[in-house]
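Atoms within each ligand, like the ligands themselves, are counted from 1 in listed order. FYI, the numbering just counts along the sequence from 1.
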Amino acid sequence: MVLMTERHLAAADELRRLAGWNQTSQGWVRLLQVEPEGCFVAMENYELIGTVTTITYGRDLAWIGMMLVHPNYRRRGLGTQLMQRALAYLQSHRIECIRLDATPLGRPVYEKLGFVPEWGLPRHQVTPTTRSNPQNTRELVQSDWTAVEKLDSQAFGVSRSQILRRLAQDSPATLVWPAQGPILGYGMLRLGTQADYIGPLVCADTAGAQSLISSVLGIASPRSVFWDVPDDNPLANALAKTFGFTPVRPLTRMRLGPASVPSDPRAQLAIADPSLG
Ligand SMILES: CC(C)(COP(=O)(O)OP(=O)(O)OC[C@H]1O[C@@H](n2cnc3c(N)ncnc32)[C@H](O)[C@@H]1OP(=O)(O)O)[C@@H](O)C(=O)NCCC(=O)NCCS
């Protein structure tokens, strides 16, 4: 296992493509810039055959993502070794609460390492047929950030302003609700390699949540849109149904260590990304 650097990114993105994941080459750059000492690759004969990334949110919470092993090298313990390298890095930072979003292939590997499931967030998909108009939302401006970061940290459990601002740079728009007055919700839509991706999206108000989903769908490109819908969130599930989303594959939020940082599926209508939380 060696540290991931920029020269690994093209091969890492090829592994991502082979797995059919929706992230982009820009997503790797973002992870590497935010946690340059915490992303690792497995190499054999100068060939990149595995990846894992970490991201630390202060000293309280860390996320593990982009766990990929080349199909020809699976079931030899490589995934477990990559995880152990990532965990050693995070434990050297004394971070006790570690989370990730697991695919069905990843889940048994993580369970053997002590991770426990918290809640499901199955990926949903829709291909928008009509373009909805933005409803009582507007684009975020610089002065909105304080309010947006406060809303987000209440929902996510810790502050993650650095990553939020980077995600906003890579999103066609970051919308806030309502268009006037104090901000009560916000949401992003990002371009992926397979589909547009909704998230993060936070809004406790039913009408506001509906406006935000309608508005982000209004800026989506005319291809599929993905939304990882927390299954213990009745509002998210009702809206997913209203807007025609259907489930396409399972995903499970898992935790290692104490639940010292809360993780409330009802507080988050859409996560930022499986590699980020
Ligand atoms: C998930 C993934 C990273 C696992 O990588 P891996 O290198 O196969 O992981 P490991 O070899 O450590 O463990 C996988 C299985 O092989 C078994 N295994 C480990 N060493 C073995 C060996 N020498 N011989 C046979 N089996 C072995 C493990 O016990 C484990 O079994 P289980 O699935 O029944 O629990 C890989 O399948 C992958 O890239 N999948 C696609 C992307 C993905 O879904 N990533 C997870 C994101 S959350």
Could you check if a side-chain atom of Trp28 sits within less than 4.5 angstrom of a side-chain atom of Arg16, using non-hydrogen atoms only? yes
Give the residue, atom name and distance (to 0.1 Å) of the protein heavy atom nearest atom 39 (O) of ligand 1. Val69 N, 2.8 Å
Considering only heavy atoms of Leu68, which atoms of ligand 1 have at least one such atom less than 4.0 Å away? 39 (O), 42 (C)
Side-chain contact, heavy-atom cut-off 4.5 Å: Tyr57 with Arg160? yes
Quick check: Trp63 with Phe156 (ring centres under 6.0 Å apart)? yes
Return the residue, atom name and 0.1 Å-rounded distance of the protein heavy atom closest to atom 41 (C) of ligand 1. Arg74 NH2, 3.4 Å
Please list, in number order, the atoms of ligand 1 under 4.0 Å from a heavy atom of Gly106. 1 (C), 46 (C)
Can you tell me the protein heavy atom closest to atom 48 (S) of ligand 1 and the distance? Tyr110 OH, 2.9 Å
May I ask you to identify the nearest protein heavy atom to atom 35 (O) of ligand 1, giving residue, atom name and distance to one decimal place in Å? Lys112 NZ, 2.6 Å
Using only heavy-atom distances, determine whether the side chains of Asn233 and Gln268 contain a donor-acceptor pair under 3.5 Å. no
Going by atom types alone, do Ser159 and Ser153 pair a side-chain donor with an acceptor below 3.5 Å? no
Please write down residue, atom name and distance for the protein heavy atom closest to atom 42 (C) of ligand 1. Trp21 CZ2, 3.5 Å
Provide the number and element of each atom of ligand 1 under 4.0 Å from a heavy atom of Thr80. 10 (P), 12 (O)
Heavy atom of the protein closest to atom 25 (C) of ligand 1 (residue, atom name, distance): Arg75 O, 3.3 Å
Taking heavy atoms and a distance under 4.0 Å, where does Asp101 meet ligand 1: side chain, backbone, both or neither? backbone
Counting non-hydrogen protein atoms only, what is the nearest one to atom 44 (O) of ligand 1? Give residue, atom name and distance. Thr103 OG1, 2.6 Å
When you measure from atom 14 (C) of ligand 1 to each heavy atom in Thr252, Val52, Val109, which option holds the nearest one? Val109
Gly79, Ala42, Gly77: member with heavy atom nearest to atom 7 (O) of ligand 1: Gly79
Under-4.0 Å salt bridge between Arg190 and Asp196: no
Please tell me whether Tyr197 and Asn22 have a donor and an acceptor in their side chains that are separated by less than 3.5 angstrom. no
Within 4.0 Å of atom 2 (C) of ligand 1 (strictly less), any protein heavy atom? no
Give the residue, atom name and distance (to 0.1 Å) of the protein heavy atom nearest atom 45 (N) of ligand 1. Met67 O, 2.8 Å
Can you check whether Ser263 reaches Arg253 side chain to side chain, under 4.5 Å on heavy atoms? yes
Is the shortest heavy-atom distance from the side chain of Thr193 to the side chain of Trp21 under 4.5 Å? no
Minimum side-chain heavy-atom gap Met1-Gln84 below 4.5 Å: no
Would you mind running through ligand 1 and noting each atom that sits below 4.0 Å from a heavy atom of Leu78? 7 (O), 11 (O), 12 (O)
